Trainee: 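Pasting a structure below so you can have a look.
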2 protein chains.
Amino acid sequence: MAISKPTAERLSRLALLLEQQSEENTPITSAEIEVLTGWASHTIRKDISSLTKTSGIATNTGYLPCELAKAIRETLGFAGTEQNCCIVGLGRIGSAFLDYKGFAESPFTIRAGFDSNVNRVEILKADFPLYPTFKMKEIIPRLGISYAILTVPAEQAALAAERLIDCGITGIVNFTPVLLPAPPGVEIEQVSILDALGAIAARRSINTKE
Amino acid sequence: MAISKPTAERLSRLALLLEQQSEENTPITSAEIEVLTGWASHTIRKDISSLTKTSGIATNTGYLPCELAKAIRETLGFAGTEQNCCIVGLGRIGSAFLDYKGFAESPFTIRAGFDSNVNRVEILKADFPLYPTFKMKEIIPRLGISYAILTVPAEQAALAAERLIDCGITGIVNFTPVLLPAPPGVEIEQVSILDALGAIAARRSINTKE
């Protein structure tokens, strides 16, 4: 089975979306998914047809959200397996995730937070334990953490990423403005306000010229 | 001239990257850009060849960062024009942008912040004025603001986006977990920690299977 990266990324996002809306499990059509996501409905149908298991996910009136989300998780290989994350850097942005509710319905769980400032680690409250940075090497493997959300100041980003990879982290969501190179076996996704603004500006400039 | 959306988005990101590194203006090769960004060097060369003006940007040892960034800005249609932004919602994530330094070298400038909590507006400090939300209708057109960075709580996201579009905003960076539909003429870019984690997980699952 060959799934392209764009398809995998769309399916992953679709699963999250379905999980957020799955309380009622009312069937959803590809046209409705198009309205929610902006992806063309034929792309959505094609993505869904590439799942390893497609029986029982479609009805006459649309896809069943829970079943479709489950089939996506199975295809992408993390059904039933928890994906353990940590937050590295508990300043303004990092600490904003301490009470972020969105993780609850997702396959991702935050297991730990780290900050080099021991005071901050003592004072902040979270549903998971917070540790000083020097404990990363011990805690990350012990808790089976493979993802890090990197929210340290820009000047510490490169060193922090290196250390995380040393500790066994294989996926980093990079909230710093620093572009981090990804060594083999490590995936890095940069989340950047300037990139987001730039993407909008780029799309607008194309639309204006059309 | 036809530039595809992915090309425009890559070029926009490349311009930001070059602007951040442009102090020395040492030539940079497409191979070096590949290391920094993860894009294939032939894709980078193809993207650059689609610029409206390519003379004077390449030397024997690589592209001149300042000149290349300028050529990209010209092609994408916002060279010399300031792109005015506002922050809507000054809670943890929103207020984290109040002292974010990254905007300085970018074409984007934050002109105003808004929050429905008048106390918060009074207490927070920023280099730009902060206003209570009810003033959006007056301030946004007056300051020529066309972008909004949306950092309100999830339950307020849909209404806030509607109001912003009413006020003339045509580009929204959506930091809330709510998927917002984009009416014609409006571009919305969602920035989501769960999408970022999902994208990494999806890429990892593909790599494992290859």
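Letters A, B, ... are given to chains in the order of the sequence lines, protein chains preceding strands, and every chain is numbered from 1. A quick note: this is a predicted structure, and the numbers were derived from the prediction, not measured.
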Trainee: With a 4.5 angstrom heavy-atom cut-off, which part of A:I172 approaches chain B: side chain, backbone, both or neither?
Mentor: backbone

Trainee: Please report the interatomic distance OG1(B:T151) to CG(B:N174), rounded to the nearest 0.5 Å.
Mentor: 10.0 Å

Trainee: Side chain, backbone, both or neither: which part of A:V191 has a heavy atom under 4.5 Å from chain B?
Mentor: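 Just the side chain, heavy atoms under 4.5 Å.
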
Trainee: Relative to chain A, which segment of B:I149 carries a heavy atom at a distance below 4.5 Å: side chain, backbone, both, or neither?
Mentor: side chain

Trainee: If I take atom CZ from residue A:R13 and atom CD from residue B:Q190, how far apart are they, to the nearest 0.5 angstrom?
Mentor: 4.5 Å

Trainee: I'd like to verify something: which residue of B:L179, B:I93, B:L11 has the highest number of heavy-atom pairs under 4.5 Å with chain A?
Mentor: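 The option with the most such pairs is B:L179.
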
Trainee: Can you see whether A:T170 engages A:S146 through a side-chain donor-acceptor pair at a distance of less than 3.5 angstrom?
Mentor: no

Trainee: Which region of A:T7, side chain (C-beta onward) or backbone (N, CA, C, O), has a non-hydrogen atom less than 4.5 Å from a non-hydrogen atom of chain B, or is it both or neither?
Mentor: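 Neither part, no heavy atoms under 4.5 Å.
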
Trainee: Is the backbone N or O of B:D47 less than 3.5 Å from a side-chain atom of B:S50, with the two atoms forming a donor-acceptor pair by type?
Mentor: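 Yes; at least one donor-acceptor contact below 3.5 Å.
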
Trainee: Is it the case that more than 12 heavy atoms not belonging to A:K46 sit under 6.0 Å from its NZ atom?
Mentor: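 Count not over threshold, so no.
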
Trainee: At a 4.5 Å cut-off on heavy atoms, which part of B:I188 comes close to chain A: side chain, backbone, both, or neither?
Mentor: backbone

Trainee: Measure distances from B:L16 to the heavy atoms of chain A and classify the residue's part below 4.5 Å as side chain, backbone, both or neither.
Mentor: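 Side chain only.
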
Trainee: Spell out, as yes or no, whether a donor-acceptor pair under 3.5 Å connects the side chain of B:Q83 to the backbone of B:I145.
Mentor: no

